[in-house]
Amino acid sequence: MTLIKIADGNSKLGAIPNISTIPGKDCGNCSACVKGCYAVKFYKMYPNVRAAWDMNSNAAHTDREGFFAGVREYLVSKNPKWFRWHVSGDILDQAYLDEMKAIAKDFPAVGFLAFTKMHHLDFGKTPKNLTIIASMWPGLELPKNVKKLPKAWMQDGTEARVPEDAIPCPGRCDQCMMCWHLPNLKRDVVFEKH
């Protein structure tokens, strides 16, 4: 069986399980953000984080079936209420996204969340328990196919497109859970650069 590492939480998410891959390498469309990416800092600073994300990246690229089987096994054994895709990394391609959708369909009691800059993918037929949020950085264009998705705006003092009713991130996911519900709220979220 392919080994993957699913974290049981972190300081920002709290006790929300999550899986990550390598920042930059496993992020398409990241030229606008890789230099200021918080995940790159963690990847360089913490050897245990780097080892886990390297393992996950290797599995996602060389044994995709085993990678997703590991996610499924975790969901069956731990039965979490919430799950976050990619604290670091991103959806690799359409087949990867389609498997994320299949997992959400097979685990309807779990609320899944993913932020993505892979705006060219087909997000149609996404199960309601999988919230996909389009990550928006200053200078990153807004393609037509993500106009209906909620957006996560990164505010560094230069972003002028943030809607007035965007909700500021309070900083602790397990105490807020807002992002999982943005489609119902019909609002965007805004993150201050950190």
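Note that the numbering runs from 1 along the sequence shown for the chain.
- The shortest heavy-atom contact between Trp180 and Gly111 is NE1-O, 3.0 Å.
- No side-chain donor-acceptor contact under 3.5 Å links Asn18 and Trp85.
- Checking Asp8 against Tyr74 by side-chain atom types alone, a donor-acceptor pair falls below 3.5 Å.
- Heavy atoms only, all atoms of each residue included: Met178 and Pro168 are closest at CE-O, 4.3 Å.
- In terms of heavy atoms, Leu130 sits closest to Ala104 at CB-CB, 3.8 Å.
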In sequence, state the C-alpha distance, the side-chain angles, and the governing distance for His119 and Lys144, and then conclude on side-chain contact (heavy atoms from CB on, under 4.5 Å). CA-CA 9 Å; His119 299 162; Lys144 290 180 184 174; over 6 Å; no
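- In this structure, Phe115 and Cys179 have side chains that are in contact, with non-hydrogen atoms separated by less than 4.5 Å.
- For the atom pair Arg84 CZ and Ile6 CD1, the distance stands at 14.0 Å (nearest 0.5 Å).
- Nearest heavy-atom pair across Ile16 and Cys173 is CD1-CB, 4.0 Å.
- Gln155 places a side-chain N or O within donor-acceptor distance of the main-chain N or O of Gly157, the cut-off being under 3.5 Å.
- Of all non-hydrogen atoms in Val110 and Pro80, the two that sit nearest each other are CG2-O, 3.2 Å.
- For the salt bridge (charged side-chain N to carboxylate O under 4.0 Å, His left out) test, residues two or more places apart in sequence or in another chain that qualify with Asp174 are Arg172.
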What's the verdict on side-chain contact (heavy atoms from CB on, under 4.5 Å) for Asp122 and Asn145, showing C-alpha distance, side-chain angles and the deciding distance? CA-CA 8 Å; Asp122 178 2; Asn145 66 316; over 6 Å; no
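- The backbone N or O of Lys117 lies less than 3.5 Å from no partner atom in the side chain of His120, so there is not a single donor-acceptor pair.
- Here the closest non-hydrogen pair linking Pro108 and Asn129 is CA-ND2, 3.6 Å.
- With rounding to the nearest 0.5 angstrom, the OG atom of Ser135 is 11.0 Å from the NZ atom of Lys151.
- Between Leu149 and Ile133 there is no side-chain heavy-atom pair separated by less than 4.5 Å.
- Counting only heavy atoms from C-beta outward, the side chains of Leu97 and Ile132 approach each other to under 4.5 Å.
- Asp156 has its side chain within reach of Pro138: a pair of non-hydrogen atoms, C-beta onward, lies under 4.5 Å apart.
- The SG atom of Cys176 lies 9.0 Å from the NE2 atom of His181; values are rounded to the nearest 0.5 Å.
- A donor-acceptor contact shorter than 3.5 Å is absent between the side chain of Ser57 and the backbone of Trp53.
- By the 4.5 Å heavy-atom criterion applied to side chains, Phe68 and Ile103 are counted as neighbours.
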Return a table of donor-acceptor pairs under 3.5 angstrom between the side chains of residues 159-166 and protein atoms on other chains or two or more places apart.
residue	atom	partner	partner atom	Å
Glu159	OE1	Arg161	NH2	2.9
Glu159	OE2	Arg161	N	3.1
Glu159	OE2	Arg161	NE	2.7
Arg161	NH1	Leu140	O	2.9
Arg161	NH2	Trp137	O	3.2
Arg161	NH2	Leu140	O	3.2

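- Within the structure, side-chain hydrogen bond (donor to acceptor under 3.5 Å, both in side chains) contacts touching residues 95-105 (residues at least two apart or in different chains) are Arg72-Glu99, His86-Tyr96, Gln94-Asp98.
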Step by step, would you call Asp93 with Arg64 a side-chain contact (heavy atoms from CB on, under 4.5 Å)? CA-CA 11 Å; Asp93 52 40; Arg64 183 86 48 98; 3.0 Å; yes
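- Atom CG of Leu113 sits about 11.0 Å away from atom CZ of Phe83, to the nearest 0.5 Å.
- The environment of CD in Glu65 is sparse: at most 12 heavy-atom neighbours from other residues, nucleotides or ligands sit within 6.0 Å.
- Here the straight-line distance linking atom OG1 of Thr116 with atom CG of Asp90 works out to 3.5 Å at 0.5 Å rounding.
- Side-chain atoms of Asn56 do not come within 3.5 Å of backbone N or O of Ile4 as any donor-acceptor pair.
- Atom-to-atom distance recorded for Thr131:OG1 and Trp82:CH2 is 8.5 Å, nearest 0.5 angstrom.
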